[in-house]
Amino acid sequence: MSYQGQFRVWRGDSDGGSLEDFEVEVNEGEVVLDIIHRLQATQAPDLAVRWNCKAGKCGSCSAEVNGRPRLLCMTRMSLFDKDEVITVTPLRTFSIVRDLVVDVSYNYEKAREVQEFTPPKDLAPGEYRMQQEDVQRSQEFRKCIECFLCQTTCHVVRDHEENKLAFSGPRYLIRIAELEMHPLDAADRTDTAQDDHGLGYCNITKCCTEVCPENIKITDNALIPMKERVAGRRYDPVVWLGNKLFKRGK
Amino acid sequence: MTSTETGVHAPPRPRLPVPSLRTDRWWLPPLLTVVGLSIFVIYATFRAFQQNYYWVEDYHYLTPFYSPCMSNGCLENAAHFGRFLPDHPLIPYAALSLPLLLLFRLTCYYYRKAYYRSFWLSPPACAVPEPHTRYTGETRLPLILQNVHRYFFYAAVIISVINTYDAILAFHSPDGGFGLGLGNIILVANVVLLWCYTLSCHSCRHVTGGRLKHFSKHPVRYWVWTKVSLLNTRHMEFAWITIGTLILTDLYVFLVASGAIADPRIIG
């Protein structure tokens, strides 16, 4: 059953912008991205929106729908009442390019700061027999589609632009956790997570987990385990004593 | 990144007319959290300093808020581990355990989320701006002390053992033999749920196996980690349930000890 839906879409660029009202046809089974495409086709041909796969796997169409960070292609219109005004805005943590498109280069800068996978130097190919239980924790984090919804909703940078220098955000802290938990990664990720990527800024309020379209348990399975590793390294006198007594290195 | 302005209005971010466009009732969960935690804190404070109606002599019921009872003011049979703390109105009878349990919950990863969101509004809800102009998280004092959570976890394990001991001693009848009443069921249920909350702790998950890199080389610890991880997914639920069962258990002992109600007995 079709109906005329009420939409407010932010139009503008770095010089300014405003919410513009549109009435667009909505059909059964559609998602918000379908409506944005119909809006482009019928009323606003110059509306800028980034999208690609339309299947929740490329992470391109991230935006904010009624103030909540979401993938446009995975937000069903059936979530909303037919008479509800649906507001679509760009991600509010990043610099605006135009309309619904933002500049996400902050994330790629942070990505480059993460040390790559570092296997032991003396390990020859085939020497390590990998078991499923050894890699399953890391595999959860490999589901990340880099939609940056966790980055945009994290209040550490969303509400505090100045923290972008010190804080890499949930996406890159789970990348560090993924490598830290990998049995063949020999790099020391604990200190760098705290010192170089701002793990201490995270106050585990779980918004990253709430918005993740891949349902990665970012806080419980990556951020808190990393915080526990830091606590063991820096704030645990029992571990410190054990390291001294048994001459264990870091 | 060079701008001195901050927040969602900082250029060159998209300029929107309001800080948040959320239309749902995002304020409800933090409000409920404030109400729930406030009720617990007020009730627990009142009972901890009341210094009365904590022990049922006939059935040996001891409320968890007075366990272990170590004050010189404790009734003799209620003090299972001796009496040596000074009897003073400002010193709770369980002054050794209550601060540790309070700190265990205060530094708990779930409660941190709950009170950061609801009391400190940092943030009040996802994509709703927080009111603070600066934010340093848990990078400096005093919040950096949240990192000592695992020590309070170790203390909580010991206190849970003591609570379990209390619950076992409470299978007592007035004639000195085995007894069973509604109070026993409440005490045991409370202890079981306290164990669930304690063992589902994120620090427990870390120390039992989460810190390992090679699970396949430590099959026993891996097995324990999987079980703790299962519990851990319900940590929030156990955090709230045990607040409820602690109040319920204490209230029951309070009512029976004060003579307001009689304990329905099944045996003895």
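A note on names: the letters A, B, ... follow the listed sequences, proteins ahead of strands, and every chain is numbered from 1.
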Nearest-0.5 Å distance that lies between atom OG in Ser20(B) and atom CZ in Arg92(A):
7.0 Å

Would you mind checking which part of Val207(B) comes under 4.5 Å of any heavy atom in chain A, side chain (CB onward), backbone (N, CA, C, O), both or neither?
neither

Within the 3.5 Å criterion, strictly below it, is a donor on Gln131(A) or His214(B) matched to an acceptor on the partner's side chain?
no

Go through Glu228(A) and Tyr109(B) one step at a time and tell me if the side chain to side chain donor-acceptor pair (under 3.5 Å) criterion holds.
CA-CA 11 Å; Glu228(A) 281 294 307; Tyr109(B) 287 99; 2.6 Å; yes

Arg234(A), CZ atom: more than 12 neighbouring heavy atoms under 6.0 Å
yes

Interface moiety of Cys202(A) toward chain B, non-hydrogen atoms closer than 4.5 Å:
backbone

What part of Ser122(B) is in contact with chain A, defined as an atom under 4.5 angstrom from a non-hydrogen atom: side chain, backbone, both or neither?
both

Once the angle between the rings of Tyr135(B) and Tyr201(A) is folded into 0 to 90°, is it parallel (under 30°), tilted (30 to 60°) or perpendicular (over 60°)?
tilted

Could you check whether Glu162(A) pairs with Arg134(B) (Lys NZ or Arg NE/NH1/NH2 to Asp/Glu carboxylate O, under 4.0 Å)?
no

Trp225(B) ring centre to Arg137(A) NZ or CZ under 6.0 Å, with the angle to the axis within 45°?
yes

Under 4.5 Å to a heavy atom of chain A? For Tyr110(B) that would be neither

Please flag which part of Pro17(B) lies under 4.5 Å from any non-hydrogen atom of chain A: side chain, backbone, both or neither.
side chain

Looking at Asn221(A), Leu91(A), Asn163(A), Thr205(A), which one has more heavy-atom pairs under 4.5 Å with chain B than the rest?
Thr205(A)

Heavy-atom distances under 4.5 Å only: say whether Phe80(A) touches chain B with side chain, backbone, both or neither.
neither

Chain A shares the most heavy-atom pairs under 4.5 Å, among Gly137(B), Gly210(B), Ser216(B), with Ser216(B)

Per-residue contact mode, Asp13(A) against chain B (heavy atom under 4.5 angstrom)
neither

Residues Arg205(B) and Asp220(A) bridged, charged N to O under 4.0 Å
no

Comparing Pro123(B), Ser203(B), Ala125(B) against chain A, the one with the most heavy-atom pairs below 4.5 Å turns out to be Pro123(B)

In Å, rounded to the nearest 0.5 Å, how long is the span from NE2 of His206(B) to NZ of Lys227(A)?
13.5 Å

Could you tell me which of Thr139(B), Leu143(B), Val148(B) has the largest number of non-hydrogen atom pairs under 4.5 Å with chain A?
Thr139(B)

Under 4.5 Å from any heavy atom of chain B, what part of Val157(A) do you find: side chain, backbone, both or neither?
backbone

Glu210(A) vs Arg117(B), test: salt bridge (charged side-chain N to carboxylate O under 4.0 Å, His left out). Steps then yes/no.
CA-CA 14 Å; Glu210(A) 276 188 31; Arg117(B) 278 200 188 194; 2.9 Å; yes

Which region of Ile204(A), side chain (C-beta onward) or backbone (N, CA, C, O), has a non-hydrogen atom less than 4.5 Å from a non-hydrogen atom of chain B, or is it both or neither?
both

Under 4.5 Å between any side-chain heavy atoms of Asn66(A) and Asp24(B), yes or no?
no

